[in-house]
Amino acid sequence: MNSYYAINLLIYAGVDIIACLALNLQFGVAGIVNFSFIVFQAVGAYTAAVLSMPPDTAPDYSFQIYVGGLQLPFPIPWIGGAIAGGLLAVPVGFVVLRKLRSDYQAIALLVLSVIANTVITNARPFLNGAAGLALVPAPLADLFDPATYGYFYVGLTAICTALVALVAFRIVNSPYGRTLRAMREHEVAATAIGKNPVALKMTIFIVGGVIAGLSGGILTGYITFWAPSVWLYPETIILFAAVIVGGRGNNLGAVLGALLVPVGFEEVTRFIPSSIGPPGLIPALQWVAIGLLIIGFLWFRPEGVRPEPRRVFEGAPD
Amino acid sequence: MSLFVAAFGFGLVSMSVIAIAAVGFTMQFGITNMINLAYGEVMISSAYVAYYLNKAGISIWIGMVVGALFGAAFSFLLNRIVYAPFQRKGTSYLGMVIVSLAISLMMANLLLPIVGYYSVSYQEGTGGLIRLGAIILTTNQILIIGIAVVVMLLIHGLLKYTRLGKAMRATSANPTLARNCGIPTQRVVDAVWLITGALCGLAGVVAALNSDSFAIANGAAFLITILAAAVLGGAGQPYGAMIGAVLIGLITELSAAAWSPEYKEVVAFGVLVLVMVLRPQGLLAKRGAMAAAG
Amino acid sequence: MLVATDIHRHFEGMHAVDGVSIEVAPGKITGLIGPNGAGKSTFMAVIAGTLPTSSGTIVFDGKDITRLPAYRRARLGLVRTFQLPSEFARLTVLENLLVAAQHNRGDSLFGALMGKRYWIEDERKLVQQARALLKRFGMSAKESDYAGTMSGGQKRLIEIMRALMLQPRLLLLDEPMSGVHPKIVQEIQYYLQDLRHEGLTILMVEHELHMVERLCDTVVVMAQGKVIGSGTMSSLRKQQEIVDAYLVG
């Protein structure tokens with residue numbers, strides 16, 4: 001295995017773990033089926049990109065058109081991406097999370113995901129449309145030898161992953177996390193014991209948005225590119241598959257799911273020669289397999305590989 | 001001005017297509033409690049069934065019937081094999097939405113290697129133009145409007161005057177009570193999947209016939225327009241879906257004339273968001289049908 | 001304690017609650033009885049804020065709460081239970097109690113992010129409080145089991161304990177004995193009497209008239225969305241029209 005491949009794998013793993021931890025907070029813990037999760041990642045990616053890129057009048061960049069182009073130094077673009085993800089969660093949550101029954105929430109979010117992609121694809125002057133943004137500057141690239149930069153980026157990703165994991169574990173293991181789980185189990189009863197479900201959902205939706213935005217910033221800084229084709233709505237379904245397989249409500253499960261589904265699965269299938277069958281057959285079958293994985297797990301093992309832990313308190317009778 | 005009159009003409013056709021699809025979709029939901037996100041993919045599959053028949057030299061009007069039959073059979077089996085077992089297992093509404101989304105993803109990608117990425121279109125004469133003032137429609141489009149009117153009348157008759165229709169409405173209102181009253185809900189549910197599946201298949205062929213060409217990717221776009229119409233009218237309400245279809249058909253075509261056809265679904269989405277904020281129960285639905293529980 | 005005046009609740013053109021006025025005296029158990037469809041449960045839901053009021057006013061402890069959302073009413077000490085089991089199934093029995101506590105520094109996003117040291121003191125106190133309740137209700141042994149695996153009667157007890165964790169001033173019980181094994185019915189009855197002696201005010205919907213007779217200080221009779229009488233059970237038995245409307249038929 002060469003080091004380029006290993007670096008690539010580690011960075012993708014970090015980004016997917018971050019995303020799955022965030023989705024687990026929303027979906028696994030709080031019960032919000034955020035089918036537009038990938039939109040929040042995309043907002044973070046676009047924001048980080050236009051904050052770090054030079055204006056679109058700059059010589060090498062004039063083949064694309066976009067807003068912003070502020071050329072801000074690292075880590076401002078990543079922070080900006082995270083904030084943008086959180087900010088987007090406010091209006092979306094306001095429309096979706098207040099009055100609608102949970103299954104309608106899911107559908108509204110799914111539709112939002114499809115529409116957001118359509119709009120960005122067609123509105124070219126905003127973020128360069130379907131072609132997307134290229135030549136996104138890699139953070140602090142000029143401080144490193146290109147040969148060692150990959151290791152640096154792995155380190156950066158690892159720090160962010162650790163930070164997000166800390167946040168996720170603190171939330172899940174806190175009384176606040178318990179309140180979120182109670183709301184997931186029975187919203188009306190949670191209201192009857194003084195919990196405000198709208199406020200609870202909004203906070204965790206924003207937290208998830210911030211983390212998703214950060215994951216987008218990390219990803220775009222590495223692949224130095226971002227376009228509508230990388231955030232189509234099925235990308236969210238992969239993350240759902242990961243959380244369902246790993247174990248809803250369990251942080252370690254989310255990490256495991258991220259390693260098994262988006263990372264492991266994609267890596268394994270890369271080795272299938274693409275010359276088999278008509279063009280597009282292998283990727284299409286990958287999607288079919290993702291669908292089967294979701295349905296199979298929901299049928300045979302809905303709690304996932306690592307189920308949500310039952311909490312036993314100190315001093316409990318045996 | 002005449003641009004908008006022409007757009008009104010297209011609106012009539014659009015609303016016909018949407019009405020057929022949305023009534024099927026909303027009945028599935030209202031009676032079986034299933035938000036079937038694979039609906040758009042079943043539509044597209046049916047459109048392709050008709051396409052292959054058409055390619056083999058069979059008239060598209062026969063293909064339409066076969067497409068409807070395919071939609072009915074496929075939807076029936078989809079429910080029997082996947083949805084109903086999950087529902088019996090006590091899967092939550094939310095779980096069912098995830099299941100149907102997974103099905104939708106699988107269908108689109110199973111279809112892809114078979115039919116390919118490229119857009120196709122039916123080999124069928126448009127049948128010449130018919131002018132009504134500034135409104136110019138093809139004979140096919142007039143026929144589509146006619147089909148929609150007939151289908152809506154049939155649905156009305158079914159719901160209003162047949163035992164099956166009454167049983168459907170009773171099951172929709174309260175499945176437990178309906179079962180206790182001796183209505184065999186299993187048979188009703190089967191009938192619903194057959195009927196709504198036929199509407200879905202028919203809508204797929206009609207929608208494909210109405211557009212210059214179609215491709216796999218159209219499934220999602222279909223679904224959004226249908227959702228907008230169904231939600232606007234009040235989820236689960238067949239008559240609401242008809243009204244929703246009329247409004248969405250008009251609004252999208254007029255906006256396409258005024259602005260850009262690329263944003264048709266975006267406009268439909270805008271309507272969807274407005275309804276969700278202002279009147280989540282839809283235009284016709286009783287309060288509580290769609291609002292948060294409790 | 002609670003004064004509800006001229007409460008109406010219209011629903012799809014039906015008058016589920018049609019001008020009900022009641023007053024709940026502090027430290028007493030008030031029973032709400034009536035035939036099926038009389039609007040008792042709807043009325044309870046309106047009082048608790050689960051359903052909005054169409055018209056009328058609700059005053060709790062001298063404060064107009066008519067427009068307050070349900071969760072705010074609960075925080076004021078007006079806590080309800082439900083007719084159907086409504087435990088948090090995949091929380092343990094102990095967690096079902098803990099989650100209801102009002103004052104826990106860790107029960108906010110900020111508190112959670114501050115880490116365990118920030119809230120562990122509060123949590124410890126609440127665990128003690130919850131265990132005391134579990135002991136009193138004879139469920140100590142079940143604390144680490146998922147609430148969803150409990151029997152119907154145990155779920156009732158969990159719900160009552162959960163409500164008590166909020167230190168309510170008025171407890172609204174919607175048919176606390178329905179679907180409960182007769183042996184536990186006795187237990188619940190005993191617990192309720194006990195709570196009353198401690199000064200807790202209770203308003204309860206109940207079908208079983210013997211139970212109402214034994215437990216309730218005052219009884220309000222509802223039929224077709226209206227109050228048709230109130231008083232002690234024995235005084236009600238003397239009123240012919242009430243007997244005709246409900247007590248016999």
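We name chains A, B, ... by the order of the sequence lines, and we start the count at 1 in each one. Since this is a predicted model, take the numbers as computed values, not measurements.
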Nearest heavy-atom contact between A:Val207 and C:Leu109 is CG2-CD2, 3.5 Å
Quick one: what part of C:Leu113 sits under 4.5 Å from any heavy atom of chain A, side chain, backbone, both or neither? both
Output the distance between atom CG (C:Asp107) and atom NZ (A:Lys195), rounded to the nearest 0.5 Å. 4.0 Å
Atom of A:Ala189, atom of C:Arg162 and distance for their closest heavy-atom approach: CB-NH2, 3.6 Å
Chain C interface, residue from A:Val312, A:Thr203, A:Ile204 that has the most non-hydrogen pairs under 4.5 Å: A:Val312
With chain C as the partner, which of A:Ala190, A:Gly249, A:Gly194 has the greatest number of non-hydrogen pairs under 4.5 Å? A:Gly194
Using 30° and 60° as the class boundaries, would you call the ring planes of C:Phe82 and A:His186 parallel, tilted or perpendicular? tilted
Sort A:Val172 into side chain, backbone, both or neither according to what part of it lies under 4.5 angstrom from a heavy atom of chain C. neither
Does C:Lys142 have more than 12 heavy atoms from other residues, nucleotides or ligands lying within 6.0 Å of its NZ? no
Gap separating the OG1 atom of A:Thr191 from the CZ atom of C:Arg72, nearest 0.5 angstrom: 14.0 Å
Given a strict heavy-atom distance threshold of 4.5 Å, which part of C:Ala48 is in contact with chain A: side chain, backbone, both, or neither? neither
Whatever's closer than 4.5 Å to a heavy atom in chain A on C:Met114 counts as backbone
At a heavy-atom separation under 4.5 Å, does C:Arg131 approach chain A through its side chain, its backbone, both, or neither? side chain
A:Phe313 and C:Glu95 have their tightest heavy-atom pair at CE1-CG, 3.9 Å
Region of C:Thr92 in contact with chain A, defined by heavy-atom distances below 4.5 Å: side chain
Sort out for me which of C:Glu143, C:Arg80, C:Glu159 touches chain A most, counting heavy-atom pairs under 4.5 Å. C:Glu143
So what's closer than 4.5 Å to chain C heavy atoms on A:Glu314: side chain, backbone, both or neither? backbone
Could you tell me which non-hydrogen atom of A:Ala316 sits nearest to which non-hydrogen atom of C:Ser144, and how far apart they are? CB-OG, 3.6 Å
Heavy-atom pairs under 4.5 Å with chain A: which of C:Arg124, C:Arg90, C:Gln102, C:Arg75 has the most? C:Arg90
Between C:Leu166 and A:Ile193, is the side-chain contact (heavy atoms from CB on, under 4.5 Å) condition met? List the steps. CA-CA 7 Å; C:Leu166 279 127; A:Ile193 55 167; 3.6 Å; yes
Considering only heavy atoms, which portion of C:Leu126 lies under 4.5 Å from any heavy atom of chain A: side chain, backbone, both, or neither? neither
Basic-acidic side-chain contact under 4.0 Å: C:Glu123, A:Arg178: yes
Less than 4.5 Å to any heavy atom of chain A: does that hold for the side chain of C:Val127, its backbone, both, or neither? side chain
Could you report the tightest heavy-atom contact between A:Ala192 and C:Val79, atom names first, then the distance? O-CG1, 3.8 Å
Chain A shares the most heavy-atom pairs under 4.5 Å, among C:Pro168, C:Pro69, C:Ala74, C:Gly49, with C:Ala74
Whatever's closer than 4.5 Å to a heavy atom in chain A on C:Ala163 counts as neither
Side chain, backbone, both or neither of A:Ala199 within contact of chain C (heavy atoms, under 4.5 Å): neither
If I measure from the heavy atoms of chain C, does A:Pro309 come under 4.5 Å with its side chain, its backbone, both, or neither? backbone
When every non-hydrogen atom of C:Ala112 is compared with those of A:Ile171, the smallest separation belongs to CB-CA, 4.2 Å
Contact check, side chains of C:Phe88 and A:Arg181, non-hydrogen atoms, under 4.5 Å: no
